Amino acid sequence: MFSSGTAHAAVTCGSTVNASTTLTSDLNCSGTAVFIGASNVILDLGGHTVSGVQAPDDQFGNSGVHIVSNRTGVIVRNGTIRGFNRGVTVNPGANNALITGLTVDSAALGIGVFGDPSTAPRNTRIVRNTISNTTRFSGMQIAGNGHRIEANTVRNGAGAG
């Protein structure tokens, strides 16, 4: 688990980030790269690339960045996420997240905001991202209410935008 500092920090594959952090290097991971485990955390990829592989035939597999349930005010920004089953996962009850300035490439699903009607995240903002080459699903799948989807580019996907 990672929980120190608000500046540049070494994050390794599978880390749980509990404080605002800027990556200092690229990551190449076989499972989920980074979990966000606290509210009001900024994960700045610092222009780096987080790469992974898709688990075969597993729609619920790994993520480049995974915002765990019931966290609020999380920001993920400024880098590339390549591979994975889900580029970015926003879990049930993770309200007021901002996903911005990312390039999500070659994931099964680009960005997923998940939950049933009673638990789905609220007020997620997905702004100025490029999602391309999804291999099994859509560029984005969004559940919940009050979301803002603005100025994104979605292209060359296996499913709908």
Side-chain angles (χ1 to χ4, degrees), residues 1-3 11 14-23 27 29 31-45 50 52 54-55 57-161:
M1 185 178 330
F2 181 82
S3 62
V11 175
S15 292
T16 298
V17 173
N18 291 316
S20 293
T21 302
T22 301
L23 293 187
L27 292 175
C29 305
T32 294
V34 180
F35 295 90
I36 306 295
S39 295
N40 303 311
V41 166
I42 299 169
L43 177 61
D44 189 329
L45 300 184
V50 177
Q54 293 177 33
D57 300 322
D58 178 8
Q59 66 177 340
F60 302 111
N62 57 37
S63 298
V65 176
H66 186 111
I67 302 171
V68 302
S69 295
N70 303 316
R71 303 303 184 254
T72 60
V74 171
I75 299 171
V76 180
R77 66 182 183 200
N78 188 26
T80 299
I81 299 173
R82 181 169 291 120
F84 300 101
N85 288 71
R86 299 171 177 168
V88 178
T89 298
V90 181
N91 260 8
N95 298 321
N96 303 309
L98 171 61
I99 312 301
T100 188
L102 298 180
T103 297
V104 180
D105 181 49
S106 300
L109 166 65
I111 298 172
V113 180
F114 299 106
D116 63 41
S118 65
T119 64
R122 305 217 185 298
N123 304 316
T124 302
R125 293 169 294 147
I126 301 173
V127 181
R128 290 185 306 277
N129 301 288
T130 299
I131 302 167
S132 58
N133 305 312
T134 56
T135 61
R136 279 189 261 163
F137 303 105
S138 306
M140 293 181 237
Q141 291 181 358
I142 312 294
N145 296 303
H147 304 303
R148 184 175 182 169
I149 313 300
E150 180 180 303
N152 296 282
T153 300
V154 179
R155 62 177 173 245
N156 301 327

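Predicted model, so just to flag it, every value in this text is computed and none were measured.
- Taking Leu98 as the reference, Ile75, Thr100, Arg125, Val127 meet the side-chain contact (heavy atoms from CB on, under 4.5 Å) condition, with sequence neighbours excluded.
- Remark: Asn78 pairs with Asp44 by the side chain to side chain donor-acceptor pair (under 3.5 Å) rule, at least two apart or across chains.
- Qualifying side chain to side chain donor-acceptor pair (under 3.5 Å) partners for Thr153, counting only residues two or more places apart in sequence or in other chains: none.
- Within the structure, salt bridge (Lys or Arg N to Asp or Glu O under 4.0 Å) pairs that include any residue of residues 102-124 comprise Arg82-Asp105 (at least two apart or interchain).
- Remark: Phe35 pairs with His66 by the ring-ring contact (aromatic ring centres under 6.0 Å, His included) rule, at least two apart or across chains.
- Listed by chain and number, the residues in a side-chain contact (heavy atoms from CB on, under 4.5 Å) with Ala158 are Thr134 (sequence neighbours excluded).
- For the side-chain contact (heavy atoms from CB on, under 4.5 Å) test, residues two or more places apart in sequence or in another chain that qualify with Thr103 are Thr80, Thr130.
- Every side-chain contact (heavy atoms from CB on, under 4.5 Å) that Thr124 has, sequence neighbours left out, goes to Val90, Ala97, Val113, Pro121, Ile126, His147.
- Sorted pairs that involve residues 85-128 and meet ring pair (Phe, Tyr, Trp, His ring centres under 6.0 Å), not counting sequence neighbours, are lacking altogether.
- Judged as a side chain to side chain donor-acceptor pair (under 3.5 Å), and not counting sequence neighbours, Ser69 has no contacts.
- The list of salt bridge (Lys or Arg N to Asp or Glu O under 4.0 Å) pairs with a residue in residues 144-153, not counting sequence neighbours, reads Arg148-Glu150.
- The salt bridge (charged side-chain N to carboxylate O under 4.0 Å, His left out) search around Arg71 returns none, not counting sequence neighbours.
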